[in-house]
Amino acid sequence: MRLILLGPPGAGKGTQARNLIDAYGIPQLSTGDILRSAIRAKTPMGLEAKAVMDRGDLVSDTVVNGIVSERLDQEDARKGFILDGFPRTIPQAEALDHMLAEKGMKLDAVIELTADAETLTRRIVNRARQNAETTGARADDNEEVVKNRLNVYLEQTAPLVEYYRGKGLLKSIDGMAPVDEVTASIRQAVGG
Ligand code: ADP
């Protein structure tokens, strides 16, 4: 099973990816996780990505395309994968098409988790406030960043919905339903 999870910050991609890993026994491939571990390891890529990520902007297509291409070559990705957080731009989606063709792989479905903007803003601003309480960071900084991430999603990532609809791969699922219901709807949509 080869899946992409698409959806705005706060739509529950990470939670659903974890449930699907258990259900299908395939790895989650999260560009956000890989970038954060590069930051922790202080690699040149991590150092370069940190400032961009702290603002809520997107890391360059070249960097994330490289990460994904390498990750897809690892043994555990042979039987399938769940891409979470990639692609995030049309050029990334086009690069992915090339990579998969080269590697002789085909996507099964692109799952769009839908959520209304108001609920999302409320969810992610609440999360930012809780974060600020535990880390002592300024809440308005955090709120600004999460709002920026939502705008970046709407401007750069939302066009992927039409891109994948055009390829007949898109399955839209209501991301506002309870977690287990969302998982069940995804499984039903991908046929298993
Ligand atoms: P979320 O909390 O929405 O799941 P992620 O953990 O996927 O966010 O990503 C966190 C940050 O990492 C993004 O805001 C962005 O700066 C960077 N990032 C992750 N994936 C990509 C990508 N495919 N293209 C560009 N930047 C990315």
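First listed ligand is number 1; within each ligand, the first listed atom is number 1.
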**OP:** Indicate yes or no for a side-chain donor-acceptor contact from Asp84 to the backbone of Gln28 under 3.5 Å, with no hydrogens or angles considered.
**Re:** no

Nearest non-hydrogen protein atom to atom 2 (O) of ligand 1, with distance, is Arg149 NH2, 2.7 Å

Is Asp57 in contact with ligand 1, taking contact as a heavy-atom separation below 4.0 Å?
yes

For atom 24 (N) of ligand 1, the closest protein heavy atom turns out to be Gln92 NE2, 2.9 Å

Test item: Arg2 side-chain N/O and Lys106 main-chain N/O as donor-acceptor pair under 3.5 Å: yes

Just by modelled atom types, is the Asn65 backbone N or O under 3.5 Å from a matching donor or acceptor in the Ser69 side chain?
-> no

If you scan protein heavy atoms around atom 18 (N) of ligand 1, the nearest is Leu35 CD1, 3.5 Å

Atom 26 (N) of ligand 1: closest protein heavy atom, distance to 0.1 Å, is Val59 N, 3.0 Å

For atom 11 (C) of ligand 1, the closest protein heavy atom turns out to be Met53 CE, 3.7 Å

Report task. Could you tell me whether the side chain of Lys171 and the main chain of Val190 form a donor-acceptor pair under 3.5 Å? Result -> no

#### Entry: Proximity flag Arg36 to ligand 1, non-hydrogen atoms under 4.0 Å
yes

Flag for Gln156-Thr89: side-chain donor and acceptor within less than 3.5 Å | no

Self-check item: Sidechain-backbone polar pair: Ser172 side chain, Glu112 backbone, donor-acceptor under 3.5 Å
Solution: no

- prompt: Going by an N to O cut-off under 4.0 Å, is there a salt bridge joining Lys147 and Glu144?
  reply: no

| said: Would Gly85 count as a polar contact of ligand 1, with the cut-off being nitrogen or oxygen pairs under 3.5 Å? | reply: yes

Closest to atom 20 (N) of ligand 1 among protein heavy atoms sits Thr31 OG1, 2.7 Å

shortest atom 5 (P) of ligand 1-to-protein heavy-atom contact is with Arg88 NH2, 3.6 Å

